Amino acid sequence: MERAQVASRCRQRIADGLARLAHLIEGVQGRADMLRASLYRYRRRCGSRRCRCRRGELHGGRALSVSDGRRSHTVPLTGLDLAGVARQVDTYRQWREARAKIVRSFGEVLKAVDELGRLRTVSLERLRHARVRRR
């Protein structure tokens, strides 16, 4: 394939990638609150001698695992709106997935830009060859 055709395909990949990026960026610009945490269900024993958990009927509930950058903290969900918290955690998860797609798409666009740059760059050998032909 000749250089002009390869360059044209690079330009097309760049245009397609930018359109895809524009679409993905719309997805991360929402206004809904996000909660950077994981929601999980736990089961445990309380330690009381007479409790049902001694017979295997463990206590359970829902909790959040929240990281402050250094450590992970468990926050019980008693007294909180479980549906609202779950929605905020899910919104954050979707935002992270969209962000990862943006990073991948941006990388693909940059590869196409770099390839186009290499194709457009004139090498010293081509300059010498062109100079020799003119004489």
Side-chain angles (χ1 to χ4, degrees):
M1 194 177 320
E2 79 179 59
R3 215 170 76 146
Q5 290 175 327
V6 175
S8 178
R9 288 190 182 185
C10 285
R11 288 183 188 94
Q12 186 61 49
R13 285 195 340 247
I14 292 168
D16 292 346
L18 290 175
R20 191 170 44 254
L21 275 169
H23 176 71
L24 289 170
I25 288 172
E26 285 178 16
V28 297
Q29 292 181 341
R31 298 198 186 279
D33 289 339
M34 299 186 299
L35 181 59
R36 183 179 176 184
S38 296
L39 186 63
Y40 69 96
R41 187 177 299 277
Y42 65 88
R43 311 281 292 162
R44 67 175 183 202
R45 287 194 173 107
C46 69
S48 177
R49 285 188 211 161
R50 294 184 170 186
C51 187
R52 63 185 167 91
C53 64
R54 288 287 228 187
R55 295 185 303 270
E57 298 175 36
L58 301 178
H59 299 283
R62 307 271 322 229
L64 283 174
S65 176
V66 182
S67 175
D68 65 3
R70 296 182 195 144
R71 296 183 54 197
S72 181
H73 302 277
T74 299
V75 180
L77 290 176
T78 53
L80 295 176
D81 174 25
L82 181 61
V85 169
R87 198 170 34 255
Q88 291 172 347
V89 169
D90 193 49
T91 300
Y92 180 73
R93 182 190 54 76
Q94 291 172 358
W95 179 85
R96 291 283 301 178
E97 289 173 0
R99 184 188 180 282
K101 288 178 184 177
I102 289 171
V103 169
R104 281 193 300 274
S105 292
F106 195 70
E108 292 169 7
V109 169
L110 284 178
K111 283 180 186 177
V113 167
D114 290 344
E115 185 177 352
L116 183 60
R118 281 190 297 276
L119 289 169
R120 293 180 58 203
T121 302
V122 177
S123 69
L124 185 57
E125 288 300 315
R126 277 185 56 202
L127 280 176
R128 287 181 181 155
H129 187 68
R131 192 174 70 187
V132 169
R133 273 197 266 161
R134 280 192 213 154
R135 291 183 185 175

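All values below were derived from every heavy atom in this structure, side-chain atoms included, with hydrogens, water molecules and symmetry-related copies excluded. Just so we're clear, the structure is a prediction, and the values are computed from it rather than from any experiment.
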Measuring from Phe106:CZ to Ile25:CD1, what's the distance to the nearest 0.5 Å? 9.0 Å
Under a 4.5 Å side-chain heavy-atom rule over Ile, Leu, Val, Met, Phe, Trp and Tyr, are Val66 and Trp95 clustered together? no
Does atom CZ of Arg44 have more than 12 heavy-atom neighbours, drawn from other residues, nucleotides or ligands, at distances under 6.0 Å? no
Looking only at heavy atoms, the pair that brings Ser65 and Ser72 closest together is OG-OG, 3.0 Å
What are the two closest heavy atoms between Gly47 and Cys53, and how far apart are they? N-SG, 4.3 Å
Does atom CZ of Arg99 have more than 12 heavy-atom neighbours from other groups under 6.0 Å away? no
Leu119 backbone acceptor or donor facing Arg3 side chain under 3.5 Å: yes
Indicate yes or no for a side-chain donor-acceptor contact from Thr91 to the backbone of Arg87 under 3.5 Å, with no hydrogens or angles considered. yes
Under a 4.5 Å cut-off applied to non-hydrogen side-chain atoms, are Val6 and Glu115 in contact? yes
Would you name the heavy atoms of Ser48 and Arg54 that are closest together and state the gap between them? O-CG, 3.4 Å
Taking atom CD1 of Ile14 and atom CG of Leu110, what is their separation to the nearest 0.5 Å? 9.0 Å
Are Ile102 and Met34 joined in one hydrophobic group, where the rule is that I, L, V, M, F, W and Y side chains link up if heavy atoms are under 4.5 Å apart? yes
Nearest-0.5 Å distance, CD of residue Gln12 to CZ of residue Arg9: 10.5 Å
More than 12 non-hydrogen atoms from neighbouring residues, nucleotides or ligands closer than 6.0 Å to NE2 on His73, yes or no? yes
Which atom pair, heavy atoms only, marks the closest approach of Val89 to Leu39? CG1-N, 4.3 Å
May I have all residue pairs that pass side chain to side chain donor-acceptor pair (under 3.5 Å) and include part of residues 26-38, sequence neighbours excluded? Arg36-Tyr92
So, for Gly60 and Arg43, which heavy atoms are closest and what is the spacing to 0.1 Å? CA-NH1, 3.9 Å
Would Asp90 and Arg93 pass as an ion pair if we require N to O under 4.0 Å? yes
Do Arg41 and Arg62 have side chains that approach each other closer than 4.5 Å (heavy atoms only, starting at C-beta)? yes
Which ILVMFWY residues can you reach from Tyr42 by hopping between side chains whose heavy atoms are under 4.5 Å apart? Tyr40
Which pair of heavy atoms, one from Gly117 and one from Thr121, lies closest together, and at what distance? O-OG1, 2.6 Å
